[in-house]
Amino acid sequence: MAAMELPGWKHVSSGKVRDIYAPADQETPDRLLLVTSDRISAYDYILPSEIPGKGKVLNQLALWWMEQLRDVIENHVITAETDATDPLSVPAPLVGRSVVAKALNMIPIECVVRGYLTGSGLVEYKESGTVCDIALPEGLVEASRLETPIFTPAAKAELGDHDENISFGRAAEMVGEELASRLRDVSIALYEGAREIAAERGVIIADTKFEFGLDPATGNLVLGDEILTPDSSRFWPADQWQPGQITPSFDKQYVRDWLTSAESGWDKKSGENPPVLPESVVTATRDRYIEAFVRLTGEEPTL
């Protein structure tokens, strides 16, 4: 989905998945229109294939989670609906995949919380017994449940680059000890609240990330971006989890696995762009996103 001409809005930037618009008549915007596309990324590339309906699933799931967790911290949502009397509400054609949100001064840290050991955390643990300088017990394996969730921040990278895992000390150097501590405490509280909700629905949240900003008007810390979706989290079916084994997940791991398979013919270290996804991979990935939504919310997404 390319940037669109939207009355009352001007396109200001695009990321791997989201297109961002600001009010056309505001020099310093107080709100932004965030449009979630059907693009999908892997290994820091935006793939040439899209996953139909993916943007709507992500947007609607993030909104659902923000409602569930609104008592933990204020979030950035102004409206996800269209209002004929308000030119700065969500444009009618984009309802379902968009939100009008407060314009925040975003904090350049990915607030990652891990409740299970996998991915880059497992790689570091095998090398040093730590994750982001946090010492962990000996003998942990793939998918081990951590006794308490850990905060493992990452420094945000430019589009196309990989976020860099950093220690809490480095995060404190970047944003100050007080704010770093607040980010850690709120991130873990959000994760723990979400983990309980997901567990009731047979879903494990292995790890996830949050982003926050400061409200320019009040200075308050505000939850921004999107939260607890298959793009920002590892969701595992609880009945298939077993320490020491790879757990199937409701996210884009299916796409990553195909890209690194012999069938794709692509080498992620080659510097070449990834190939087009086969229709079977597109369909299977779409089904996983929808299943995550249905399991968690008990409802069907509006597609």
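Residues L223 and F210 are in side-chain contact: their nearest non-hydrogen atoms beyond the backbone lie under 4.5 Å apart. Put simply, the side chain of P91 reaches to within 4.5 Å of the side chain of L33, judged on heavy atoms. Side chains of L136 and T130 form no contact here, defined as non-hydrogen atoms less than 4.5 Å apart. The shortest distance between side-chain heavy atoms of S233 and I227 does not fall below 4.5 Å. Two residues are said to be in side-chain contact when any heavy atoms from C-beta on lie closer than 4.5 Å; D133 and F168 fail this criterion. Under the 4.5 Å side-chain criterion, counting only non-hydrogen atoms from C-beta, I107 is not in contact with E211. Side chains of P52 and V282 form a contact here, defined as non-hydrogen atoms less than 4.5 Å apart. The shortest distance between side-chain heavy atoms of T208 and F235 does not fall below 4.5 Å.
Q242 and T247 are not linked by any side-chain donor-acceptor pair at a separation below 3.5 angstrom, with hydrogens and angles left out of the test.
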(Q) Before you tell me yes or no, could you show the steps for F293 and T229 under side chain to side chain contact (heavy atoms under 4.5 Å, CB included), namely the whole-Å CA-CA distance, both residues' side-chain angles and the distance that decides it to 0.1 Å? (A) CA-CA 8 Å; F293 185 98; T229 73; over 6 Å; no
Q) Taking it one step at a time, do Y43 and W266 satisfy side chain to side chain contact (heavy atoms under 4.5 Å, CB included)? A) CA-CA 12 Å; Y43 301 113; W266 179 67; 4.0 Å; yes
Q: Let me see the working for K54 and D231 under side chain to side chain contact (heavy atoms under 4.5 Å, CB included), right down to the final yes or no.
A: CA-CA 10 Å; K54 170 178 173 281; D231 266 16; 3.0 Å; yes
Q) Stepwise, does the side chain to side chain contact (heavy atoms under 4.5 Å, CB included) test hold for V113 with T152? A) CA-CA 6 Å; V113 182; T152 58; over 6 Å; no
**Q.** E173 vs R170, salt bridge (charged side-chain N to carboxylate O under 4.0 Å, His left out): CA-CA, chis, key distance, verdict
**A.** CA-CA 5 Å; E173 290 175 2; R170 175 65 182 128; 3.5 Å; yes
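Scored by the ring-ring contact (aromatic ring centres under 6.0 Å, His included) test, Y116 finds W236, W241 as partners (sequence neighbours excluded).
Note on residues 190-206: no pairs pass side chain to side chain donor-acceptor pair (under 3.5 Å), not counting sequence neighbours.
Of the candidates N59, D38, T302, D38 is the only one forming a side chain to side chain donor-acceptor pair (under 3.5 Å) with R97.
A salt bridge is absent between K126 and E124: the closest approach of a Lys/Arg side-chain nitrogen to an acidic carboxylate oxygen does not fall below 4.0 angstrom. Between R39 and E50, no side-chain nitrogen of the basic residue sits less than 4.0 Å from a carboxylate oxygen of the acidic one, so the salt-bridge criterion is not met.
Of all heavy-atom pairs spanning L214 and G219, the tightest one is CD2-O, 3.8 Å. When all heavy atoms of L88 and G8 are compared, the pair lying nearest together is CD2-O, 3.7 Å.
To the nearest 0.5 Å, the span separating NZ on K102 from CG on N220 amounts to 8.0 Å. E226 contributes atom CD, which lies 13.0 Å from atom CD of Q60 (distance to the nearest 0.5 angstrom).
The backbone N or O of I78 sits nowhere less than 3.5 Å from a side-chain atom of H76 that would complete a donor-acceptor pair. Checking side-chain atoms of R18 against main-chain N and O of S14 turns up no donor-acceptor pair under 3.5 Å.
Under the 6.0 Å distance and 45° angle rule, R295 does not count as a cation-pi partner of F250.
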